[in-house]
Amino acid sequence: MNRHYWLGKIFKGVMTYFIVGLFALFAALPFYQMVIIAFKSNADFNNPRENNPFIFNDPPTTDHIVYLFEQTEYLTFILNSVIIGVSVVLITLLFATPAAYSLARLTGRLGERLGILIFLVYLIPPTLLFIPMSQVVSFVGLQNSKWALVMLYPTFTIPFCTWLMFGFFRSIPRDIEEQAMVDGYSRFGAMWRVVLPLAVPGVLTVVVFSFMLTLHEYIYALAFTTSSSEKPISVGVTTELVRGDVFFWQSLMASAIIVALPIAIVYNLFLNRFVAGLTMGAVKG
Amino acid sequence: MSTVETVALVKHYDNDVIAVNSIDLHIKEGEFLVLLGPSGSGKTTLLRMIAGLEKVTSGKIYMGGRDVTHLPPRARNLSMVFQSYALYPHMSVFGNIAFPLKAKGLPYQERKKKVEWAASLFGIEQYLQRKPRQLSGGQRQRVALARALVHEPSVFLLDEPLSNLDAQLRASARDEIKQFQRRIATTTIYVTHDQVEAMGMGDRIAVMNHGNMHQIGTPQELYREPADTFVATFLGSPPMNLLNQKECIIGFHPEHFLPKDIIHEESPRFEFPFRVTRVEYLGADRFVYGIVPSESGHTRVISKIPSLVTVPLETDQLYTFAVLKEDMKYFDKKTGKRIDPIPFSMAVFEHAEV
């Protein structure tokens with residue numbers, strides 16, 4: 001009886017870790033492959049039949065990373081991506097926060113339906129929109145400029161982030177805000193001093209998500225930036241490191257890792273904050 | 001300190017639900033008024049309108065003679081304690097209590113002094129640096145109270161502040177709030193659905209149901225002279241017994257419905273047959289549940305007998321119980337309103353012997 005119990009428990013644990021491990025492997029394998037390829041020498045990389053593609057058969061080299069930084073505009077691409085990302089994040093916060101707040105608080109039931117409508121806008125794919133958008137871009141005279149992207153990206157980050165923040169604002173008890181209003185603040189004052197501090201996990205999520213959305217956007221960037229000095233990283237590396245049918249695989253992988261690493265770290269740092277209920281202890285419980 | 005007055009105050013919601021129906025209320029300076037009613041009676045809506053959190057459909061609200069009907073909450077110099085306490089979770093206890101002072105622009109030193117004063121009133125000085133989530137329910141409630149009184153409001157609004165506490169804590173918190181209100185003598189409006197709380201705390205009680213005001217009066221008035229059957233059955237535990245008669249409804253409190261033998265023979269009284277179904281011993285009292293049989297149907301009735309009276313009572317036995325004439329109340333059959341004194345002869349009683 002006791003033995004059965006323990007055997008069952010051990011079996012359960014083994015199974016759990018086996019399945020989780022399988023998924024972790026599944027998720028990590030591409031990254032592992034990227035790192036390996038980034039440091040492979042050409043001779044090693046170009047002979048996959050005889051060489052094991054998962055390990056270094058010849059000694060690793062940093063040649064391709066040096067190439068990435070010295071022979072391409074990689075740093076410019078990164079800088080462009082950061083400028084675009086930060087600007088879009090700021091614009092998104094500026095619009096999505098008040099929009100989400102009013103949807104959550106002021107329109108009652110209608111708010112939810114409007115929220116869904118706004119979210120639907122996000123679902124219209126850029127592949128459909130980039131042709132009409134090119135008219136808009138040329139109308140405002142931003143052809144071949146990263147600022148065209150700064151103008152266009154909020155069209156999908158704002159709806160998405162409004163929806164996201166809407167959920168966060170709704171989870172903050174109304175009592176707390178009304179208490180602030182009774183305690184001597186205007187509605188705006190209550191929002192600023194009480195609601196926003198409690199919505200910090202939401203704001204962080206919005207920052208990370210909208211930054212990510214701008215970072216991996218491809219179609220608008222491809223359509224509206226042509227010179228290297230204006231390209232963000234998603235388009236930059238793929239246009240400069242794919243020449244005709246020649247792929248600079250090692251440099252491509254290196255460029256992807258260099259961008260992905262800091263984001264992965266930031267993501268993990270904040271992940272717990274996203275989930276942590278800051279509102280805990282606010283009301284009864 | 002100030003008076004609070006509502007004149008024909010009405011609240012309709014969009015879907016034509018009348019939450020508060022033409023309420024006239026006059027609360028005196030320093031008075032402790034309890035708004036009592038079951039859930040959905042409109043008492044909280046009324047309180048929220050007084051606080052300025054709910055828009056008024058029609059009617060007026062005056063505070064200290066000043067028309068505040070359309071002023072925002074911050075312009076009314078009041079404070080409120082929500083049922084949930086609504087502490088700011090991202091601030092320490094100190095930050096919470098200091099928050100209303102900050103709104104008034106008080107310098108830090110004065111804020112600190114006042115916060116310490118308010119905290120000492122409720123014995124929470126040692127928790128000032130803690131976050132609300134690190135406090136127990138009773139401590140949170142004290143923080144909410146300290147925050148409510150720290151800026152010395154002229155009106156104090158409390159929305160069921162005790163309903164999240166356990167029974168033992170509730171009794172002591174009730175006592176504490178009442179004593180503290182006496183001391184600072186701030187006009188207080190207290191919303192509750194608990195009639196024991198209302199009876200124990202209120203200088204006056206306003207009984208509401210379905211958005212209507214049924215009666216306003218002292219606890220004694222409400223208990224002894226209920227204005228209608230709703231008030232009669234809402235107050236007291238157990239509440240007043242009601243018996244349907246041909247021309248009216250009669251009502252009497254359980255403690256007035258006693259075995260015939262223990263009532264002085266000469267006192268004018270009404271006698272009823274009473275079939276006992278169950279007896280509960282509750283220490284100081286005996287609750288006797290039973291039925292008063294009659295042609296128009298059996299009515300469930302409760303008798304509350306002090307344990308000093310040791311008359312033996314067996315279940316399923318028929319006894320004769322009696323109510324003193326002076327303890328009998330009469331209500332209109334249609335409106336439920338009190339009719340006093342009884343406008344017809346005693347002969348109308350189906351089964352009572354006079």
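Order of the sequence lines fixes the chain letters, A, B, ..., with proteins taken first and strands second; residue numbering starts at 1 for each chain. Note: hydrogens, waters and symmetry copies are ignored here, and every other heavy atom, side chains too, is used.
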For B:Arg76, is it the side chain, the backbone, both, or neither that has a heavy atom closer than 4.5 Å to a heavy atom of chain A? neither

Measuring heavy-atom distances to chain A, does B:Lys102 have an atom under 4.5 Å in its side chain, in its backbone, in both, or in neither?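 Both parts, backbone and side chain.
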
What pair of heavy atoms forms the shortest contact from B:Ser79 to A:Val182, and how long is it? CA-CG1, 3.7 Å

If I compare all heavy atoms of B:Ala103 with all of A:Tyr185, which pair ends up nearest, and what's the gap?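 In terms of heavy atoms, the two residues are closest at N-OH, 3.1 Å.
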
Can you tell me if [atom1] on [X] sees more than 12 non-hydrogen neighbours from other groups inside 6.0 Å?
X: B:Gln126; atom1: CD; value: yes
X: A:Tyr218; atom1: OH; value: yes
X: B:Lys104; atom1: NZ; value: yes
X: A:Phe119; atom1: CZ; value: yes
X: A:Phe95; atom1: CZ; value: no
X: B:Trp117; atom1: CH2; value: yes
X: B:Lys178; atom1: NZ; value: yes

So, taking the atom named [atom1] in [X] and the one named [atom2] in [Y], what distance separates them when rounded to the nearest 0.5 Å?
X: B:Leu101; Y: A:Asp183; atom1: CG; atom2: CG; value: 9.0 Å
X: A:Ile176; Y: B:Tyr85; atom1: CD1; atom2: OH; value: 14.0 Å
X: A:Arg174; Y: B:Ser84; atom1: CZ; atom2: OG; value: 13.0 Å

Under the 3.5 angstrom rule, does the side chain of B:Tyr88 hit a backbone N or O of A:Glu177 as a donor-acceptor pair?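 No.
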
Keeping the roles fixed (side chain from B:His90, backbone from A:Arg193), state whether a donor-acceptor pair exists under 3.5 Å.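 Confirmed, B:His90 side chain pairs with A:Arg193 backbone.
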
Any non-hydrogen side-chain atom of [X] less than 4.5 Å from a side-chain atom of [Y]?
X: B:Arg74; Y: A:Ser186; value: yes
X: A:Glu178; Y: B:Met80; value: no
X: A:Val194; Y: B:Phe99; value: yes

